[in-house]
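Written out below as structure tokens is the structure these notes cover.
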There are 2 protein chains.
Amino acid sequence: MKMSDRKKKILQIVVDEYINSAVPVSSKVIAEKHLQGVSSATVRNELASLEELGYLTQFHTSGGRVPSPQAYRFYIEELMQRGNLSESDLDYIEKAFSDRSGDVEHLIKSVSKVISDLTDYTSVAIGPHDDEEKIRNLTLLSCGEGRALLVIVTGSRILRDSFIDIPESMTDADVENASRMLAKLFDGKALSEARTVGEEALAEFGQYRQVMRGVIDALKTYTRPRDEDVVLTGADKIFNHPEYEDIENVKNFLSVISSKDKIAELIGDDNDEIQISVKIGSGDGDEVPEDCSLVTATYAAGGKNLGTYGVIGPIRMDYTKVITVLENVGKALEELVGSRGKDKDEKDRQQDE
Amino acid sequence: MKMSDRKKKILQIVVDEYINSAVPVSSKVIAEKHLQGVSSATVRNELASLEELGYLTQFHTSGGRVPSPQAYRFYIEELMQRGNLSESDLDYIEKAFSDRSGDVEHLIKSVSKVISDLTDYTSVAIGPHDDEEKIRNLTLLSCGEGRALLVIVTGSRILRDSFIDIPESMTDADVENASRMLAKLFDGKALSEARTVGEEALAEFGQYRQVMRGVIDALKTYTRPRDEDVVLTGADKIFNHPEYEDIENVKNFLSVISSKDKIAELIGDDNDEIQISVKIGSGDGDEVPEDCSLVTATYAAGGKNLGTYGVIGPIRMDYTKVITVLENVGKALEELVGSRGKDKDEKDRQQDE
DNA sequence: GTTAGCACTCTCAACCTTCAAGTGCTAACG
DNA sequence: CGTTAGCACTTGAAGGTTGAGAGTGCTAAC
């Protein structure tokens with residue numbers, strides 16, 4: 001069976017209406033509020049057909065229809081209408097980003113907060129983690145007991161530190177020496193090339209071979225986001241949405257957000273594909289849990305990854321609002337960071353709209 | 001009215017029973033299960049009297065009695081019986097701590113996880129933050145745009161970093177120069193004395209005055225724990241306890257744990273007073289929210305603060321279990337860290353038991 | 001001081017009724 | 001053939017009633 005235009009129109013009405021009201025949608029309100037000129041009986045026929053196609057479900061015979069996950073996906077792909085932010089929302093974004101004094105950590109937090117406040121959903125964010133990031137400084141500090149602390153600072157000011165094992169025989173002076181050598185070797189290198197640089201230099205390091213191995217291992221872990229890089233804002237906002245009157249849904253939600261590992265996994269894995277990604281849980285072994293939806297955007301400016309930001313919430317989510325907010329925050333962010341001019345990527349994206 | 005021994009005994013029974021069953025306690029079960037030789041009518045008289053004293057409340061006439069916050073406090077002070085951990089629990093602790101390879105961050109996380117797993121409550125932890133910590137390394141890195149990154153590494157391997165403003169006129173070489181001066185000045189100093197050292201050296205710094213100011217400001221913030229220092233484990237464990245079938249309690253709980261600031265404040269403020277602290281919310285403007293209880297222990301070994309760890313959960317908490325776990329974790333932790341010998345503090349504590 | 005006995009209160013679950021909402025189906029219409 | 005009016009049917013939500021069970025407070029007797 002093909003989807004007629006009227007079916008699409010009706011499906012769009014159902015999704016819109018349900019997103020707004022959180023109440024199953026009946027044929028009557030569709031016909032009366034949105035589709036004058038057609039009777040509710042006709043709408044009922046169409047609804048029955050849409051149900052057969054898998055787009056709608058009903059809890060019980062007299063309960064109106066509710067969109068299925070499949071319907072949401074279709075809605076986002078084809079039916080959804082883009083909106084614009086209100087003046088006050090735009091002002092809010094601008095004001096929030098006007099304070100340029102903070103570091104990245106601070107920026108990530110405020111972006112996350114802005115998104116959560118404007119959308120009224122829980123916001124998840126993961127800071128920039130870019131393999132092409134240049135190493136700005138690398139220092140090795142002796143800790144005694146055959147261990148040393150490796151501190152790496154990159155161009156976008158992300159600080160990474162980890163402990164590596166070193167030969168017990170190394171004195172503090174040896175460590176300092178090694179530190180100098182390492183700093184010289186890696187300074188200005190991108191994280192992506194650093195590993196190969198390290199491998200190549202292994203031979204030179206002679207007795208410090210073990211140290212270099214440790215550094216290389218540490219570098220490997222740096223391209224993956226860590227727990228600490230995941231920022232979560234407005235977890236209590238979920239209670240503003242009626243689906244979370246049900247304790248089961250709250251459990252589900254809390255089990256997701258209490259594991260930052262899991263969040264990082266969910267957000268991270270399509271990091272460099274597209275701009276905005278929507279993931280809807282359908283329950284059958286999906287990574288995103290049932291009754292849960294995750295909308296994220298990955299931002300970039302001047303070819304530099306600026307991190308991934310988004311919201312997590314019920315499937316019945318105001319996608320128009322969320323996506324609009326994400327787009328506007330993205331624009332503001334790109335302006336803020338790459339204020340000097342726009343690169344090709346961004347131009348392409350703007351034409352798409 | 002004075003508390004007779006029998007009243008105390010009965011109060012203890014009520015609290016124990018309620019903690020175990022989560023069901024209001026009736027005079028009948030007290031008399032039959034715990035106080036043979038006395039009739040339920042007698043118990044009823046005592047219960048009525050205990051209610052008058054403010055230790056018990058009842059939701060409705062025929063609903064049995066429930067301990068008041070005041071009763072819990074009294075219970076913990078005087079009535080509670082110390083327990084011992086099971087073999088398997090002790091094994092679990094030992095196994096969890098046997099891996100010594102990780103850094104502090106890692107240690108904090110595993111301690112927190114152990115506590116959460118053994119108690120079945122949500123665990124909160126805050127890493128060591130000790131004013132007497134010695135500065136091991138201090139480096140200033142230029143970031144351009146009149147800003148620099150200050151990295152401070154302390155003895156117990158806590159890494160602190162923050163951005164400070166510097167005069168736009170400073171070149172990279174100037175920054176390096178300043179970094180060397182600062183490192184020399186602060187190396188080996190405790191955080192507590194560092195501030196005064198900085199103040200005294202202000203004059204010497206001449207044109208770098210602003211830099212030194214920034215460093216001093218940064219040092220000030222280091223004694224307070226930051227958001228990132230608060231670790232939360234097992235948030236979803238609350239659903240194992242019947243009070244959180246009620247959505248209102250979940251809201252309450254989530255609003256606390258979603259703000260790490262607030263947690264830090266709650267945990268941090270009696271940091272150096274006593275070993276184990278129990279805070280019970282009573283609702284009247286208390287810092288700890290109503291229906292919420294916070295049990296924390298501050299650990300130390302060799303005079304060094306090892307952080308504060310504990311659990312947050314419903315008032316009806318298994319205090320015996322929680323406190324026993326906290327004590328045993330503390331012992332294990334002290335052994336692990338200060339394996340070379342026990343200092344006076346710890347000996348004192350062990351005698352108290 | 002302790003106890004048995006009893007009236008009283010309150011909740012909880014089960015059950016019924018009513019009500020409104022919304023559907024599916026059928027037969028008629030253009 | 002698509003559309004529509006009409007109507008029977010289903011279902012859940014809300015409200016009321018009832019009986020059982022639990023637990024108490026009180027009183028009078030020991």
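All values below were derived from every heavy atom in this structure, side-chain atoms included, with hydrogens, water molecules and symmetry-related copies excluded. Labels below follow one simple rule: chain letters A, B, ... track the order of the sequence lines, proteins then strands, and each chain is numbered from 1.
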Subject >> Closest to side chain of B:N45, choosing from D:dT10, C:dT3, D:dT4 >> reply: C:dT3
**OP:** Using whole Å, report how far CG of A:L35 lies from C1' of D:dT3.
**Re:** 13 Å
**OP:** Please report, rounded to the nearest Å, how far the C1' atom of C:dT23 is from the CZ atom of A:F59.
**Re:** 16 Å
**OP:** May I ask you to verify if any side-chain N or O of A:Q58 is less than 4.0 angstrom from the OP1 or OP2 atom of C:dG24?
**Re:** yes
**OP:** Answer with base, sugar-phosphate or nothing: what part of the nucleic acid does A:T61 contact at a heavy-atom distance below 4.0 Å?
**Re:** sugar-phosphate
**OP:** Any strand is fair game: report the nucleotide pairing with C:dA21 by Watson-Crick or G-U wobble, both distances under 3.5 Å, or none.
**Re:** D:dT10
**OP:** Decide, yes or no, whether a salt bridge links B:R316 with B:D291 under the criterion of side-chain N to carboxylate O below 4.0 Å.
**Re:** no
**OP:** Please check if atom CG in B:N240 has more than 12 non-hydrogen atoms from other residues, nucleotides or ligands closer than 6.0 Å.
**Re:** yes
**OP:** Mark yes or no for a side-chain to base donor-acceptor pair under 3.5 Å between A:S39 and D:dT4, with no hydrogen or angle criteria applied.
**Re:** no
Subject >> Interatomic distance where CD belongs to A:E46 and C1' belongs to C:dC25 [whole Å] >> reply: 17 Å
Original post:
Of the candidate nucleotides C:dT11, D:dA22, C:dG5, which contains the atom at the shortest distance from the side chain of B:H60?
Top reply: C:dT11
Subject >> Whichever of B:G64 and B:A41 has its nearest DNA chain D nucleotide further upstream toward 5' >> reply: B:G64
**OP:** Output, in order, the C-alpha distance, side-chain angles, deciding distance and verdict of salt bridge (charged side-chain N to carboxylate O under 4.0 Å, His left out) for A:K251 and A:E248.
**Re:** CA-CA 5 Å; A:K251 276 188 197 178; A:E248 281 307 314; 3.6 Å; yes
Subject >> For C:dA14, the Watson-Crick or wobble counterpart (both distances under 3.5 Å) >> reply: D:dT17
Original post:
Can you tell me how far P of D:dG23 sits from CD1 of B:I30, to the nearest Å?
Top reply: 11 Å
Subject >> Whole angstrom value for the distance that separates C1' of D:dA8 from CZ of A:R44 >> reply: 12 Å
**OP:** State which of C:dT2, D:dG23, C:dG24 makes the closest approach to the side chain of B:S26.
**Re:** D:dG23
Original post:
C:dG22 C1' sits how many Å from A:L47 CG, rounded?
Top reply: 11 Å
Subject >> Rounded distance in Å - CZ (A:R65) to C1' (C:dG22) >> reply: 9 Å
Original post:
B:S27 near the nucleic acid: base, sugar-phosphate alone, or nothing, with a heavy-atom cut-off under 4.0 Å?
Top reply: sugar-phosphate
Subject >> For D:dG23, the Watson-Crick or wobble counterpart (both distances under 3.5 Å) >> reply: C:dC8
Original post:
Does NZ in B:K321 sit with more than 12 non-hydrogen atoms of other residues, nucleotides or ligands closer than 6.0 Å?
Top reply: yes
**OP:** Just do the salt bridge (charged side-chain N to carboxylate O under 4.0 Å, His left out) check on A:K237 and A:D117 with the steps written out, would you?
**Re:** CA-CA 9 Å; A:K237 287 231 168 67; A:D117 283 349; 3.0 Å; yes
Original post:
What integer distance in Å separates B:I10:CD1 from C:dG1:P?
Top reply: 15 Å
